[in-house]
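Below is one structure; the comments refer to it alone.
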Amino acid sequence: MSLTRTISHLTGVLLIATLLSCVAPQLPPRDYPTLKAEITQTRDSLAQLYATANATQRSALLQTARTRIVQGLTRDLIPQWYGTEWDFNGTTQTPGQGYIACGYFVSTLLRDVGVRVERVRMAQQASLYIIRSLAPRDQRRDWSRISTEQFAARVAELPRGLYVVGLDIHTGFVLHDAEGVWFIHSSYGNPAVVVKEKATESAVLAQSNRFVLGRVDNDWLLAKWLKKEKIATVTG
């Protein structure tokens, strides 16, 4: 089978699996290690193809990788964390057990989906540096003194996908999908747990004067993911 046909086949398999998940009978939930292993298996398969692909084929593979990493985070891994308690010093690596701070939530999820971040070092940086570590300049936005409604509207004008947002004293994921713009974070607000909420309804977002946004599923980071390359943490 040619590389192009293999890529097309793999993309089709991922699409079919996604469609079947919408109509298949509800199965027992898979545990967190199993979910991580499935993502790793897909990454490794794509990486083998990427290593010998030409420019056109690599573009297609990056799109497949984009779908998998966003689904891996938002559909598979992050939901396991909902309800996990927040604490400023929280460093748990197990969803539902212990406490997790906002920076550790971001860096732990990125590590668990297979991005080779420095989990502890990244988590301890200001959110601006977390975003600079993950997204090239053209994949970042920096807005000040806007309302949550304006923030959500501006994100809605960007490509659908997954972002990390840095606030005055907080950080988390922002998901732009077909249903709108969502803020997913380990919240210090009430309740102080990992939550997914509409961006326009987030009290934590409303408290910030600055919004620094970086796209997670950008081509640079996806290529790093496929090639299993380390992500250096920006510290200044």
Side-chain angles (χ1 to χ4, degrees), residues 66-67 69-71 73-75 77-79 81-88 90 100-110 113 115 117 122-222 231 233-236:
R66 177 172 291 109
T67 299
I69 202 169
V70 172
Q71 288 183 346
L73 284 166
T74 62
R75 183 193 65 188
L77 300 183
I78 288 177
W81 286 86
Y82 292 149
T84 304
E85 294 184 82
W86 168 87
D87 185 84
F88 181 79
I100 189 77
C102 61
Y104 275 96
F105 176 67
V106 169
S107 67
T108 300
L109 264 299
L110 291 172
V113 83
V115 181
V117 297
M122 176 174 283
Q124 294 175 347
Q125 302 307 310
S127 57
L128 173 63
Y129 298 148
I130 294 176
I131 292 162
R132 287 180 178 174
S133 302
L134 298 171
R137 184 182 297 273
D138 66 337
Q139 296 295 312
R140 301 195 301 257
R141 300 292 185 273
D142 192 342
W143 303 312
S144 296
R145 301 190 182 281
I146 59 174
S147 67
T148 53
E149 289 78 11
Q150 290 172 314
F151 171 76
R154 293 186 185 187
V155 175
E157 294 175 351
L158 300 175
R160 289 180 182 175
L162 189 65
Y163 300 79
V164 172
V165 65
L167 308 177
D168 292 346
I169 57 169
H170 195 58
T171 189
F173 293 104
V174 169
L175 174 64
H176 174 206
D177 64 11
E179 297 179 1
V181 177
W182 306 87
F183 186 32
I184 306 169
H185 61 126
S186 184
S187 176
Y188 62 81
N190 184 24
V193 297
V194 175
V195 294
K196 176 184 178 181
E197 55 190 353
K198 281 283 191 181
T200 54
E201 299 173 1
S202 172
V204 172
L205 278 177
Q207 293 171 6
S208 187
N209 289 313
R210 189 178 183 188
F211 306 82
V212 182
L213 197 73
R215 187 173 183 181
V216 171
D217 53 319
N218 64 76
D219 286 355
W220 175 82
L221 193 66
L222 291 173
I231 305 297
T233 302
V234 173
T235 59

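This is a predicted model, so every value here is computed, not measured.
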- Item | side-chain hydrogen bond (donor to acceptor under 3.5 Å, both in side chains): pairs with one or both residues in residues 190-208, sequence neighbours excluded | Asp168-Ser208, His185-Glu197, Tyr188-Gln207, Glu197-Ser202

- Message: Could you work out, with ring pair (Phe, Tyr, Trp, His ring centres under 6.0 Å) as the rule, every residue matching Phe173, not counting sequence neighbours?
- Response: Phe105

- Message: Show the nearest heavy-atom pair for residues Val204 and Gly189, with the distance to one decimal.
- Response: CG2-N, 4.3 Å

- Reported CD1-to-CD distance for the pair Ile130 and Gln124, which is rounded to 0.5 angstrom: 10.0 Å

- Message: Rounded to the nearest 0.5 Å, what separates atom CD1 in Ile169 from atom CZ in Arg210?
- Response: 14.5 Å

- Message: Whether the side chain of Thr171 engages the backbone of Val165 through a donor-acceptor N/O pair (distance < 3.5 Å, no angle test) should be reported.
- Response: yes

- Please report the closest heavy-atom contact between Leu167 and Ser127, naming both atoms and the distance. O-OG, 3.4 Å

- Between Ile131 and Tyr163, is any pair of side-chain heavy atoms under 4.5 Å apart? no

- Has the side chain of Arg140 got a donor or acceptor atom that lies under 3.5 Å from a matching backbone atom of Ala135? yes

- Task: Give, for atom CG of Asp177 and atom CZ of Arg160, the distance between the pair rounded to the nearest 0.5 Å.
- Result: 7.5 Å

- Query: What pair of heavy atoms forms the shortest contact from Leu221 to Val216, and how long is it?
  - Reply: CD2-O, 3.1 Å

- Does the side chain of Ser186 reach to within under 4.5 Å of the side chain of Trp86, using non-hydrogen atoms? yes

- Task: Would you check if Leu158 and Arg141 make a side-chain contact, meaning some heavy-atom pair closer than 4.5 Å?
- Result: yes

- Note on the structure: Gln125 and Val234 have their tightest heavy-atom pair at CG-O, 3.9 Å

- Query: Any side-chain heavy atom of Val212 sitting closer than 4.5 Å to one from Tyr129?
  - Reply: no

- Query: Atom CD1 of Ile78 and atom OG1 of Thr84: how far apart are they, to the nearest 0.5 Å?
  - Reply: 11.5 Å

- Message: When you measure from the side chain of Gln150 to the backbone of Ser147, do you find a donor-acceptor pair of N or O atoms at a distance under 3.5 Å?
- Response: yes

- Between CZ on residue Phe211 and CG on residue Asp142, distance to nearest 0.5 Å: 11.0 Å

- Message: Closer than 3.5 angstrom, by distance alone: can the side chain of Arg66 be matched with the main-chain N or O of Asp217 as a donor-acceptor pair?
- Response: yes

- Message: For a 4.5 angstrom cut-off between non-hydrogen side-chain atoms, does His176 reach Trp182?
- Response: no

- Straight-line distance of Trp81 CH2 to Ile100 CD1, nearest 0.5 Å: 4.5 Å

- Item | Side-chain heavy-atom pair Pro136, Asn218 within 4.5 angstrom cut-off | yes

- With a 4.5 Å heavy-atom cut-off, do Trp143 and Leu213 have their side chains touching? yes

- Looking at Asp138, Leu134, Ile231, which one forms a side chain to side chain contact (heavy atoms under 4.5 Å, CB included) with Trp220? Ile231

- Does any non-hydrogen side-chain atom of Ile69 lie less than 4.5 Å from one of Val115? yes

